Asks: 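Before I ask anything, here is the structure I am working with.
In what follows, chains carry the letters A, B, and so on, assigned in the order in which the sequence lines appear, proteins first and then strands, with residues in each chain numbered from 1. The shown structure was predicted, so the numbers you read here are calculated from the model rather than taken from an experiment.
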Amino acid sequence: MTARTDESTNALHPSASVEARLAALEVAHQQALREIAELKGRDTLKTQFLANISHDLRTPLTAIITHAEILREGILGELSTRQHESIAGIISGGRRLLEMVGEILTYARGAANQLEIAPTEVAVGDVIEQVRRLNESLVARKELCLEIRVASDVPRVIADREKLAHILGNLLGNAIDFTPAGGRVWIRASRQHEEDRDTVLVEVGDSGIGIAADHHELIFQEFAQVDASASRQHHGTGLGLTIARRLVELHGGRIWLESELGHGSRFFFTIPTQHQA
Amino acid sequence: MTKEDTRPLVLIVDDSPHVTGPLRILFEETGRRVVVAASIVSAVRACETERPDLMLLDVSLPDGDGLSVLEILHGTRALPPVTVALTGHDDDLTVQRCRAAGCRDVLLKPVPVRDLLRHAAEWIPERVVSA
């Protein structure tokens with residue numbers, strides 16, 4: 001924001017007349033409205049830029065990954081063991097980069113209110129199982145103990161299956177990322193009744209490094225990682241929890257955490273059994 | 001007199017060589033022929049003249065919505081027996097739109113090569129493969 005003019009500042013001084021002070025206040029108010037409109041315009045441009053650039057980044061990445069997979073499959077001739085290793089590195093790096101670009105695209109669409117959900121009847125346990133399978137190699141690599149517990153009375157929910165998987169994937173990914181080798185990670189789902197409606201409560205917990213109380217709100221803000229060393233040790237865009245919160249809220253649910261530094265984290269979110277339009 | 005080429009024909013509709021380049025290699029090296037179109041107009045013409053067995057269709061083309069190709073060819077003999085949407089958008093609305101337009105499958109780029117090869121065997125009609 002630019003500084004107010006000396007004239008308006010002086011006019012706001014108690015020694016100025018009431019009329020002069022009211023006029024100055026009006027000038028300052030109009031100036032503030034103009035600045036807010038300008039900042040909103042810039043924010044929209046930034047969001048659109050993010051959406052465009054992430055979409056455009058996907059295309060050359062697609063070429064890199066597909067060419068590498070053609071080589072890996074031996075379609076252009078057999079490869080040596082070392083060549084296989086090298087190609088595998090290109091593919092896994094490329095796919096990781098693609099995930100991050102996708103995350104930025106989802107964030108940009110959310111920020112521009114362009115995210116929509118297509119609700120259908122979904123069994124939460126099936127989505128948890130899908131996400132577990134996707135992460136089992138990471139869990140095994142870190143020798144983590146992953147426990148899944150879905151209560152027998154958990155009802156089906158009206159939700160967007162793909163976006164529900166996205167929420168769970170982001171939370172489980174963080175839990176795996178921030179838990180040292182040999183630790184525990186869990187997902188639990190139970191039936192809840194809150195504010196006169198039925199919901200399914202999902203908990204994604206870990207025995208990892210934990211989060212200090214004064215960072216509990218910060219971590220849901222875009223691009224936030226609680227400290228620079230964390231962002232160096234743990235890859236990611238810093239958008240996962242922002243996106244998870246937006247997707248939960250799009251379903252009419254809420255998300256929160258309980259955590260203490262050094263004592264693991266428990267993230268909770270609710271999904272109403274009936275979609276809240 | 002030259003012998004007619006009976007290998008299945010795949011039409012790839014995408015305006016980016018980053019996409020068409022590797023797909024051409026993949027299909028040609030696995031016993032298919034490939035034609036590439038980079039716009040709605042050229043895709044419609046290719047369908048009319050080449051009669052592809054499979055069309056891989058990008059939904060976003062320089063001259064408009066890629067799904068228009070299906071709309072234009074609807075009810076004609078030039079409509080390929082199988083069309084699969086290859087898209088960079090994985091949102092549910094895009095998927096629903098592609099299916100409603102008549103796409104057999106909707107695949108997010110980059111489709112894993114193993115999946116693409118497996119699917120291709122399902123998409124291309126048996127009579128053509130055995131011809």
Side-chain angles (χ1 to χ4, degrees), chain A residues 51-77 87-88 90-99 101-106 108-110 112 114-120 122 159-166 169 247 250-251 275, chain B residues 7 10 12-34 36 38 56-62 65-66 84-100 105-121:
Chain A
N52 291 345
I53 196 75
S54 10
H55 181 253
D56 289 348
L57 281 170
R58 288 184 63 94
T59 308
L61 260 176
T62 294
I64 292 168
I65 293 168
T66 312
H67 276 298
E69 289 190 346
I70 288 170
L71 290 172
R72 183 193 61 191
E73 293 305 302
I75 290 168
L76 301 180
I87 292 291
I90 294 172
I91 294 169
S92 67
R95 289 216 168 258
R96 175 68 195 133
L97 192 52
L98 200 64
E99 280 174 22
V101 168
E103 202 75 338
I104 294 170
L105 187 57
T106 306
R109 284 181 180 163
Q114 290 171 351
L115 271 184
E116 294 183 43
I117 57 175
T120 54
V122 176
D160 186 319
R161 183 189 175 93
E162 188 191 327
K163 298 208 167 44
L164 192 53
H166 195 147
L247 294 178
L250 268 177
H251 283 86
H275 175 56
Chain B
R7 290 174 301 161
V10 180
I12 304 169
V13 187
D14 198 301
D15 64 318
S16 171
H18 286 304
V19 174
T20 57
L23 290 181
R24 178 189 281 280
I25 293 172
L26 175 66
F27 285 111
E28 286 183 347
E29 290 295 322
T30 53
R32 285 97 173 183
R33 291 174 296 142
V34 169
V36 169
L56 301 180
L57 179 64
D58 184 18
V59 295
S60 178
L61 292 170
D65 181 357
V84 174
L86 291 183
T87 167
H89 308 273
D90 59 349
D91 57 278
D92 304 312
L93 294 177
T94 301
V95 173
Q96 286 170 9
R97 221 166 54 80
C98 292
R99 290 211 180 269
D105 281 305
V106 184
L107 300 177
L108 180 66
K109 292 184 280 191
V111 184
V113 165
R114 281 176 191 160
D115 290 354
L116 208 50
L117 288 173
R118 183 167 48 81
H119 279 302

Asks: Which pair of non-hydrogen atoms, one from B:P22 and one from A:I70, has the smallest distance, and what is that distance?
Replies: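 Heavy atoms only, the tightest pair is O-CD1, 3.1 Å.
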Asks: Rounded to the nearest 0.5 Å, what separation is found between the CD atom of A:E69 and the CG atom of B:L26?
Replies: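 The distance works out to 10.0 Å.
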Asks: With rounding to the nearest 0.5 angstrom, report the CG to CG distance, A:L98 to B:L108.
Replies: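 It is 7.5 Å, given to the nearest 0.5 Å.
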Asks: Quick test of your reading of the model: are A:E73 and B:R114 salt-bridged, counting only N-O distances below 4.0 Å?
Replies: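 Yes, charged N to carboxylate O under 4.0 Å.
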Asks: Checking B:P112 against chain A: side chain, backbone, both or neither under 4.5 Å from a heavy atom?
Replies: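 Both backbone and side chain of B:P112 come within 4.5 Å of chain A.
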Asks: Within this structure, what is the NE2-CZ distance for the pair B:H18 and A:R58, rounded to the nearest 0.5 Å?
Replies: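 Spacing of NE2 (B:H18) from CZ (A:R58) equals 14.0 Å.
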Asks: Listed by chain and number, what are the side chain to side chain donor-acceptor pair (under 3.5 Å) partners of B:T30, not counting sequence neighbours?
Replies: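 By the side chain to side chain donor-acceptor pair (under 3.5 Å) rule, B:T30 matches B:R32.
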Asks: Shortest non-hydrogen contact from A:L76 to B:E29?
Replies: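 A:L76 and B:E29 have their closest heavy atoms at CD2-CG, 3.6 Å.
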Asks: Given that the side chain runs from C-beta out, which part of B:L116 has a heavy atom under 4.5 Å from chain A: side chain, backbone, both or neither?
Replies: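 Neither; nothing under 4.5 Å.
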Asks: Could you tell me the separation between the OG1 atom of A:T59 and the CG atom of B:D14, rounded to the nearest 0.5 Å?
Replies: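 Reported to 0.5 Å precision, the distance equals 7.5 Å.
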Asks: Using heavy-atom distances under 4.5 Å, tell me whether A:I75 contacts chain B through its side chain, its backbone, both, or neither.
Replies: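 It is both, since atoms from each part get that close.
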Asks: Give me the atom names and distance for the closest heavy-atom approach of A:R95 to B:V111.
Replies: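 Looks like NH2-C, 4.2 Å.
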